[in-house]
Every structure is written in C-alpha cells, then in structure tokens.
There are 2 protein chains.
Amino acid sequence: MLCKSYNTFFQNFANRTNLEIIFLLQKGQMNVSSIVEKTGYEQSSVSHNLKKLIECNILTVESKGRERFYSLNKDTVQPLLKLVQKHVEKNCRGCDKDDS
Amino acid sequence: MLCKSYNTFFQNFANRTNLEIIFLLQKGQMNVSSIVEKTGYEQSSVSHNLKKLIECNILTVESKGRERFYSLNKDTVQPLLKLVQKHVEKNCRGCDKDDS
DNA sequence: ATAACATATGAATCTTGTTTCATATATACT
DNA sequence: AGTATATATGAAACAAGATTCATATGTTAT
C-alpha cells in the first residue's frame, strides 16, 4: 500500500517551515541564504528541512559555486497546492482564525 | 496566506492511522466499529482521528441509529491521492523499504 | 427504568518530529 | 596556505501530535 511513502510525503507539507519554503519557491528558484533571509528561520533549520524536501523529490537542487539553488518539482507541487487551495477555501473558511 | 489551514489539512494525511482510515473508506462508507475491526486500532484512537478528519472536511458523517457512518469527501480526497500516488510511484520507489 | 451497545471525549502519557547548537565540509578569494 | 562565505549535519533539547485510559453520552432493546 506504500502507506509510509504517502505519510512521509504528506509530512513535508504538514509543517509550517516547509510550507513557507514551498510557497516562497513558487516564485522561482532560490539559494539557502535567501530562503533564510525571507523566512527568518535559522539557517540550520532551513537546511534540515530542505534536506527532507529533497529526499522526497518535492524539491530539486542545483549547485552554482558555493551556493545551492532549490526549486520546486512543479509537476507535483503545483497541482497539489491548487487542489488543496480549493479545498481550504471551500471548507476551511474561519477554521484557523489565528493565522498569519 | 492561510498557511495554518494548509498545515492542518496536510497533517491529517501525514499520519498512518488516518491514511489507513482514508484508504479503507475509498471502498465506501463505514461505521466506527468496522473501521476499528479492519484497522486494528483502538476505538478511542479511531474516534479521535475521525474527529480531526471531520473538522477538516476530509470526511463526512451520517448517523443511523446508534451507529455513525463515515465517508470520504471524494471531491478533494480522490484527486489528491491520485496525484500523490503518481508522485510516489515515480519518485519514491525504494524510499521506504520497511513499509506495510 | 435498566441494561447493552456504539461512539465520543478529556487528560495524561507516550512518541515523533523540529529546532537549536556546535561543528564540519566545500568553494571562492587574497 | 589562510581566511571568509555558503551550506550541511549529528546529537541534544524541545515541542507538537498521537494514543491510551477512564469515563461520558446517546441510542436501542427488554
């Protein structure tokens, strides 16, 4: 049933840090420093999270010199987010009042 | 950005118990006792998890006498799982060897 | 009214995931 | 070679979510 793969996959989206990174990368590829700067999270934390996202093929990396540029696997992520957005807009209005 | 709603939504899929329940309900609606029996989880645990799935509109309930029948919100869940399945098959072969 | 069955729920416990801290590696620059 | 910059990583500390236990609620049957 590959239940664990599903689990691992979804876990990467069930995490605020990762979600912010993913939303950020929708605008285009970005290196670690920029992600750190834009999100305000610790560099170390960002790297740890990026690693998991890579392991799951939700992101891809490309090295340029000493920098590493991360981008979305748009095949998967884009349609997925669109689906969830539709669901959230329809079903979760006011569910989470204390949102950012 | 509704980040928290996304988070909450995905969290319901990032959980083995919930995933099993969801996969089970793909076959059709089912009452709590049957879910408990088929999955082997505690009744209490199942109920707690069902509650969260309901709050997120991933499932719907219908009461018949003292039983409660749960079914999938197929609008959302079916296409979502299809997408993830495609991703998992393509990208996660062998990722999770110790799977069920 | 009482007993039996189906499900739900609060609080405590247990588990798992995430962040932090310290440090390592890798590339570029002087 | 030595220093600075960019990113990664292991282990400990911390936080958040899941399960369990005990019990409550709600429905049907006798």
Side-chain angles (χ1 to χ4, degrees), chain A residues 3-25 29-56 58-71 95-96 98-100, chain B residues 3-25 29-56 58-71 95-96 98-100:
Chain A
C3 200
K4 196 183 169 201
S5 295
Y6 282 79
N7 196 339
T8 306
F9 176 85
F10 281 116
Q11 202 131 348
N12 276 304
F13 289 90
N15 169 307
R16 203 133 177 189
T17 309
N18 283 9
L19 275 176
E20 282 197 40
I21 292 172
I22 288 167
F23 281 129
L24 201 57
L25 292 180
Q29 67 168 15
M30 199 174 278
N31 69 357
V32 179
S33 309
S34 304
I35 297 173
V36 168
E37 187 190 349
K38 299 265 184 190
T39 61
Y41 293 115
E42 278 248 333
Q43 178 269 312
S44 169
S45 183
V46 169
S47 278
H48 278 298
N49 284 296
L50 286 171
K51 191 185 183 189
K52 288 189 301 169
L53 288 163
I54 285 290
E55 279 168 359
C56 228
I58 292 165
L59 304 183
T60 54
V61 222
E62 202 181 329
S63 294
K64 285 180 191 164
R66 56 190 162 189
E67 293 166 76
R68 312 195 82 204
F69 287 84
Y70 286 84
S71 25
C95 288
D96 300 307
D98 57 329
D99 196 2
S100 64
Chain B
C3 199
K4 196 182 169 201
S5 295
Y6 282 79
N7 196 338
T8 306
F9 176 85
F10 281 117
Q11 203 132 345
N12 275 303
F13 289 91
N15 169 307
R16 203 133 175 188
T17 308
N18 284 9
L19 276 175
E20 281 196 40
I21 291 172
I22 289 166
F23 282 129
L24 201 56
L25 291 179
Q29 68 168 14
M30 198 172 276
N31 69 358
V32 179
S33 309
S34 305
I35 297 174
V36 168
E37 188 191 349
K38 298 265 185 191
T39 61
Y41 292 116
E42 278 249 333
Q43 177 269 313
S44 169
S45 183
V46 169
S47 278
H48 278 298
N49 283 296
L50 286 171
K51 191 184 183 190
K52 290 188 300 169
L53 288 163
I54 286 290
E55 280 168 358
C56 228
I58 292 164
L59 304 184
T60 54
V61 222
E62 203 181 331
S63 293
K64 285 180 191 162
R66 56 190 165 193
E67 295 167 75
R68 310 195 83 205
F69 287 84
Y70 287 82
S71 25
C95 288
D96 300 306
D98 56 333
D99 196 1
S100 64

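Computed from a predicted model, the values in this text were never measured in an experiment. Convention: sequence-line order gives letters A, B, ...; per-chain numbering from 1. Just the heavy atoms: all of them, side chains too, but no hydrogens, waters or symmetry mates, feed the values below.
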Taking side chain as C-beta onward, heavy atoms only, is A/T17 less than 4.5 Å from A/T39?
-> no
Practice prompt. Indicate, with a heavy-atom threshold strictly under 4.0 Å, whether B/F69 touches base, sugar-phosphate, or nothing.
Written response: nothing
Separation of C/dG17 atom C1' from A/F10 atom CZ, nearest Å, is 18 Å
Do A/N18 and A/I58 come close enough that some side-chain heavy atom pair is under 4.5 Å? no
Applying side-chain hydrogen bond (donor to acceptor under 3.5 Å, both in side chains) to B/E67 and not counting sequence neighbours gives B/N31
5' to 3', nucleotides 22-30 of chain C under a 4.0 Å protein heavy-atom cut-off (B base, S sugar-phosphate only, - none) gives B----BS--
Rounded to whole Å, CZ of A/F13 lies from P of C/dG17 at a distance of 17 Å
Between A/L50 and A/L59 the two heavy atoms that sit nearest each other are CD2-CD1, 3.6 Å
- Query: Just to confirm, is there a sub-4.0 Å distance from OP1 or OP2 of C/dA8 to any side-chain nitrogen or oxygen of B/Y70?
  - Reply: yes
* Asked: Can A/I22 and A/L53 be said to form a side chain to side chain contact (heavy atoms under 4.5 Å, CB included), step by step?
  -> CA-CA 9 Å; A/I22 288 167; A/L53 288 163; 4.0 Å; yes
The ring-ring contact (aromatic ring centres under 6.0 Å, His included) partners of A/F9 (sequence neighbours excluded) come to A/F13, B/H87
Rounded to whole Å, CD of B/E67 lies from P of C/dA8 at a distance of 11 Å
By side-chain contact (heavy atoms from CB on, under 4.5 Å), A/E62 pairs with (sequence neighbours left out) A/Q29, A/K64
From CZ of B/R68 across to P of D/dT27 the rounded distance in Å is 10 Å
Would you call the rings of B/F23 and A/Y6 parallel, tilted or perpendicular if under 30° counts as parallel and over 60° as perpendicular? perpendicular
From CD of B/E62 across to P of C/dT7 the rounded distance in Å is 14 Å
Rounded to whole Å, the CE-C1' distance (B/M30 to C/dT7) equals 16 Å
Atom CD1 of A/I54 and atom C1' of D/dT7 are separated, to the nearest Å, by 13 Å
Between the protein and nucleotides 15-19 of chain D, list the N/O to N/O atom pairs that are separated by less than 3.5 angstrom.
from, atom 1, to, atom 2, distance (Å)
D/dG17, OP1, B/Q11, NE2, 3.4
D/dG17, O5', B/Q11, NE2, 3.2
D/dA18, OP1, B/N15, ND2, 2.7
D/dA18, OP1, B/K52, NZ, 3.4
D/dA18, OP2, B/K52, NZ, 2.4
D/dT19, OP1, B/T17, OG1, 2.5
D/dT19, OP2, B/S45, OG, 3.4
D/dT19, OP2, B/N49, ND2, 2.7

Assert: residue with more 5' nearest nucleotide on DNA chain C, out of B/K51 and A/V46, is B/K51
Contacts of A/S47 meeting side-chain hydrogen bond (donor to acceptor under 3.5 Å, both in side chains) (sequence neighbours excluded), chain-then-number -> A/Q43
From CG of A/L53 across to P of C/dG17 the rounded distance in Å is 15 Å
